[in-house]
Colleague: 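This structure is in structure tokens; I'll ask about it shortly.
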Amino acid sequence: SGPSRYLAALGLFWLAGLHAQTTEALQPNAPALYQQHCAVCHGAQRTGIMGPALLPESLERVRPAEVLRVIQQGRPATQMPGFSEQLGDAEIRALAAWVRTPVVPAPRWGEDDIRASRTFTPMPDDEPAKPKWNADPMNLFLVVEGGDHHVSLLDGDRFEVITRFASRYALHGGPKFTPDGRYVFFGSRDGWITKYDLWRLRVVAEVRAGLNMRNVAVSGDGRWVMAANYLPHTLALFDADLNLVQTYAAATLDGKASSRVSAVYDATPRKSFVVALKDIPELWEISYDRNAAPIYDGLVHDYKMGEAIAKPGYLGVRRTPLSEPLDDFFFDQSYRHVLGATRPRSGADERASAQVVNLDIRRKVADLPIAGMPHLGSGITFAWGDTTVLASPNLGGGAVDVIDMQTWKTVRTIATPGPGFFMRSHEDTPYAWTDSMMSPTAKDTLTIIDKRTLQPVAQVREPGKTLAHIEFTRDGRYALASVWEMDGALVVYDAATFKEVKRLPMKKPVGKYNVWNKITRSEGTSH
Ligand code: DHE
């Protein structure tokens, strides 16, 4: 009957409520646990203080099991203690899951925060402005050791470590040198930019450009540093001592859509920064040429003389509309053409696509035939026959794509034992070296390709380990590669005989960067 059904339903509600209450009581309160145990180092808003930021964006690359392990056991040689004695298993699991949820309201990082974060240590009057070491300043290498967040400075003639210093947590992207090779700028995923004096072996300045940053670029005249952020959606422009000049909101002209900034690149021959935007179909160019032409409302196709309002071209945003967002760039040596790739957005569409945009006429000039997505800064260019080709491994399959840069057609697909990240060469060697580090079975193998015949001619191996990221000495005589393990190494190979000549122990040396090759923009490496 009606009333008994009503009573039964009430009973069910009561039972359900009781059940919710009891499970709630058993659920650890992750936000409270965080404030009690973690906030002091990682910040009340999880944006990081002494410890790294713990935001979904920052943790995207860390496996859930690794987060659990770090909370339980801590991180050796850091201030991060293990919590397995203090916290129960359920509490640790709740914390590990909660730090992957967004902070609400979203943390802010405005111009005042950037300015307040800056530190600067002027050079003492009594300190001579000359190198503290005895080596060729143009043949130095910086090796980023991701394993314990350190950087080693290497003499590129003797292959000896000059100094080793702690970096910010999780550097990413190549360090960028000033044109004279004296200073270098490092960018961390948490947004920190560090300016380091290679002569005096000191940190000169630091600033936090954003909460989650992609990379930094240094202008060809050494006067500007630009940072690309995922969080907030901004670019930040600094002078050479990391004083903030201005931020740019990464948004469409009408302000309706904003975007993460994928990366910023210096295009020295054009005296500009070129900006890749992840979420909006625009490509930006920001000129640091005082004589840059004015910008008429930015969008080329809307441009109507007389109706448009001119904005200064110097440090202004020049927009090129695209058919879809391009978030990975590679340039030809003149920086007239940018090769952009669109990442597969979902599982439904696994194919990568790429296109060539001419920066002068500011539109797409070709579709690119690539088999899979290349990683940024992965490829090289070199003369081949009477043309110039671009060669890059791709993350999709075991192959190097070789593309004619006049016709934008594939001239060869070179099979490698597995998909790889980086390819490197040098003007003074006939060989290009590439890894297969994404392959479980071939990650230990570097393939050496003859640039004249486009044929693989040799392999070097580090059985069972990951062998990757090559950079040549200034003269192209030696190729340095990483055994990419916690107890890893930097291996020096003779670039003509492919024989190992030296090995230095290193903690997961993710990347290495030669001063000369970078500041001269060698065609065999990234810039
Ligand atoms: Fe990178 C460079 C983006 C994952 C190691 N990486 C770059 C650059 C970009 C980029 C935009 C060029 C910036 C520059 O040098 O100024 N990287 C991305 C990604 O989008 C991706 C796929 C995913 C992500 O979460 O960021 C990614 N990158 C990785 C890794 O997993 C690598 C292998 C290990 C790591 O440290 O994170 C890695 N990226 C590198 C390295 C460079 C780099 C070593 C510089 C290469 C060089 O020789 O210049």
Side-chain angles (χ1 to χ4, degrees), residues 55-63 141-149 151 167-177 184-190 193 209 212-218 225-231 260-267 273-278 325-331 338 340-344 352 372-380 392-396 419-426 433-438 443 466-472 479-482 484-485 488 507-514 517-518 521-522 524-527:
L55 302 168
E57 292 84 352
S58 357
L59 291 167
E60 224 167 52
R61 302 183 41 74
V62 190
R63 284 191 299 274
F141 282 84
L142 283 171
V143 187
V144 173
E145 294 182 65
D148 63 353
H149 311 283
V151 174
S167 73
R168 284 279 169 180
Y169 176 81
L171 299 183
H172 178 241
K176 303 290 153 52
F177 298 93
V184 62
F185 294 86
F186 301 97
S188 84
R189 289 199 186 253
D190 275 0
I193 309 176
N212 189 250
M213 190 175 75
R214 298 289 291 167
N215 77 329
V216 294
V218 174
V225 180
M226 182 81 97
N229 288 321
Y230 262 11
L231 191 69
R260 293 167 289 174
V261 185
S262 267
V264 55
Y265 303 88
D266 172 60
F273 292 111
V274 181
V275 181
L277 299 162
K278 193 156 181 88
L326 294 183
D327 63 1
D328 283 352
F329 285 174
F330 184 85
F331 296 86
V338 49
T342 310
R343 293 191 179 190
M373 186 64 218
H375 177 264
L376 274 297
S378 58
I380 60 169
S392 173
N394 66 66
L395 301 172
F421 250 92
F422 300 106
M423 180 162 198
R424 293 289 181 254
S425 187
H426 189 279
W433 299 47
T434 189
D435 66 83
S436 290
M437 68 176 283
M438 297 304 284
K443 61 182 183 162
T466 297
L467 188 59
H469 199 275
I470 307 102
E471 174 92 321
F472 285 77
L480 280 60
S482 293
W484 202 318
E485 312 286 333
K507 297 276 182 216
K508 197 175 182 207
V510 286
K512 61 208 70 62
Y513 309 87
N514 177 273
N517 294 341
K518 297 296 174 196
R521 296 185 296 111
S522 160
T525 188
S526 62
H527 309 141

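Just so you know, residue 1 is the first one in the sequence shown, and it goes up from there. Counting starts at 1 for both ligands and their atoms, following the listed order. Only heavy atoms go into these numbers, but all of them, side chains included; no hydrogens, no water, no symmetry mates.
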Colleague: Does Arg189 come within less than 4.0 Å of ligand 1, judged by its heavy atoms?
Modeller: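 So Arg189 counts as touching ligand 1.
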Colleague: Between ligand 1 and His469, is the shortest N or O to N or O distance under 3.5 Å?
Modeller: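 Yes, there is a polar N/O contact under 3.5 Å.
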Colleague: Just which atoms of ligand 1 are under 4.0 Å from any heavy atom in Phe421?
Modeller: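 Selected atoms, number and element: 33 (C).
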Colleague: So between Gly173, Ala468, Ala228, Gly146, whose heavy atom ends up nearest atom 42 (C) of ligand 1?
Modeller: Gly173
Colleague: Look at the side chain of Asn215 and the backbone N and O of His172, then say whether any donor-acceptor pair between them is shorter than 3.5 Å.
Modeller: no
Colleague: Say whether Ser482 and Lys508, considering side chains only, have a donor N or O and an acceptor N or O under 3.5 Å apart.
Modeller: no
Colleague: Heavy-atom contacts with Arg424 under 4.0 Å: which atoms of ligand 1 show up? List them by number with element.
Modeller: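 Here the atoms of ligand 1 in question are 47 (C), 48 (O), 49 (O).
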Colleague: For Glu60, is there an ion pair with Arg189 - N to carboxylate O distance below 4.0 angstrom?
Modeller: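 So Arg189 does not pair with Glu60 through a salt bridge.
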Colleague: Under 3.5 Å, N or O to N or O, is Val510 touching ligand 1 that way?
Modeller: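 Between Val510 and ligand 1, no N or O pair is found under 3.5 Å apart.
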Colleague: May I ask whether Lys176 has any heavy atom positioned less than 4.0 angstrom from an atom of ligand 1?
Modeller: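 Lys176 counts as a contact of ligand 1 under the 4.0 Å cut-off.
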Colleague: Nearest 0.5 angstrom please: Phe141 CZ to Asn514 CG, how far?
Modeller: 4.0 Å
Colleague: Please determine if Arg214 forms a cation-pi arrangement with Tyr230, meaning its NZ or CZ atom is less than 6.0 Å from the six-membered ring centre and no more than 45° off the ring axis.
Modeller: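 Yes.
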Colleague: Please list, in number order, the atoms of ligand 1 under 4.0 Å from a heavy atom of Ala263.
Modeller: 11 (C)
Colleague: Is Phe329 near ligand 1, meaning one of its heavy atoms is under 4.0 Å from it?
Modeller: no
Colleague: Looking at His172, which of its N, O or S atoms is the nearest one to atom 1 (Fe) of ligand 1?
Modeller: NE2
Colleague: Under a 3.5 Å cutoff, is there a donor and acceptor pairing between the side chains of His469 and Lys512?
Modeller: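 Distance-only check passes for His469 and Lys512.
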Colleague: Regarding Ser436 and Lys443, do their side chains bring together a donor and an acceptor under 3.5 Å, going by distance alone?
Modeller: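 No, Lys443 and Ser436 have no side-chain donor paired with an acceptor closer than 3.5 Å.
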Colleague: Quick one: OH on Tyr513 to OG1 on Thr525, what's the gap to the nearest 0.5 Å?
Modeller: 8.5 Å
Colleague: Can you check whether Asn215 has an N/O within less than 3.5 Å of an N/O in ligand 1?
Modeller: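 Yes; at least one N/O pair falls below 3.5 Å.
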Colleague: Between Lys176 and Gly174, is there a donor-acceptor pair closer than 3.5 Å when you use the side chain of the first and the backbone of the second?
Modeller: yes
Colleague: Determine whether Ser526 and Arg424 make a side-chain contact, defined as any pair of heavy atoms from C-beta on separated by less than 4.5 Å.
Modeller: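 Touching, per the 4.5 Å side-chain cut-off.
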Colleague: Below a 4.0 angstrom heavy-atom separation, can you tell me which part of Glu60, side chain or backbone, both or neither, approaches ligand 1?
Modeller: neither
Colleague: I'd like to check which ligand 1 atoms, numbered from 1 as shown, lie under 4.0 Å from a non-hydrogen atom of Ser526.
Modeller: 47 (C), 48 (O), 49 (O)
Colleague: Does ligand 1 have a heavy atom under 4.0 Å from the side chain of Lys278, from its backbone, from both, or from neither?
Modeller: neither
Colleague: With only distance considered, is Trp484 within less than 3.5 Å of ligand 1 through an N or O on each side?
Modeller: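 No; the residue has no nitrogen or oxygen that sits under 3.5 Å from a nitrogen or oxygen of the ligand.
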Colleague: Indicate yes or no: does an N/O atom of Ser262 lie under 3.5 Å from an N/O atom of ligand 1?
Modeller: no
Colleague: Taking 4.0 angstrom as the limit and counting only heavy atoms of Gly174, give me the atoms of ligand 1 inside it, by number and element.
Modeller: 14 (C), 15 (O), 45 (C)
Colleague: Got a donor-acceptor contact below 3.5 angstrom from the Asp435 side chain to the Leu467 backbone?
Modeller: no
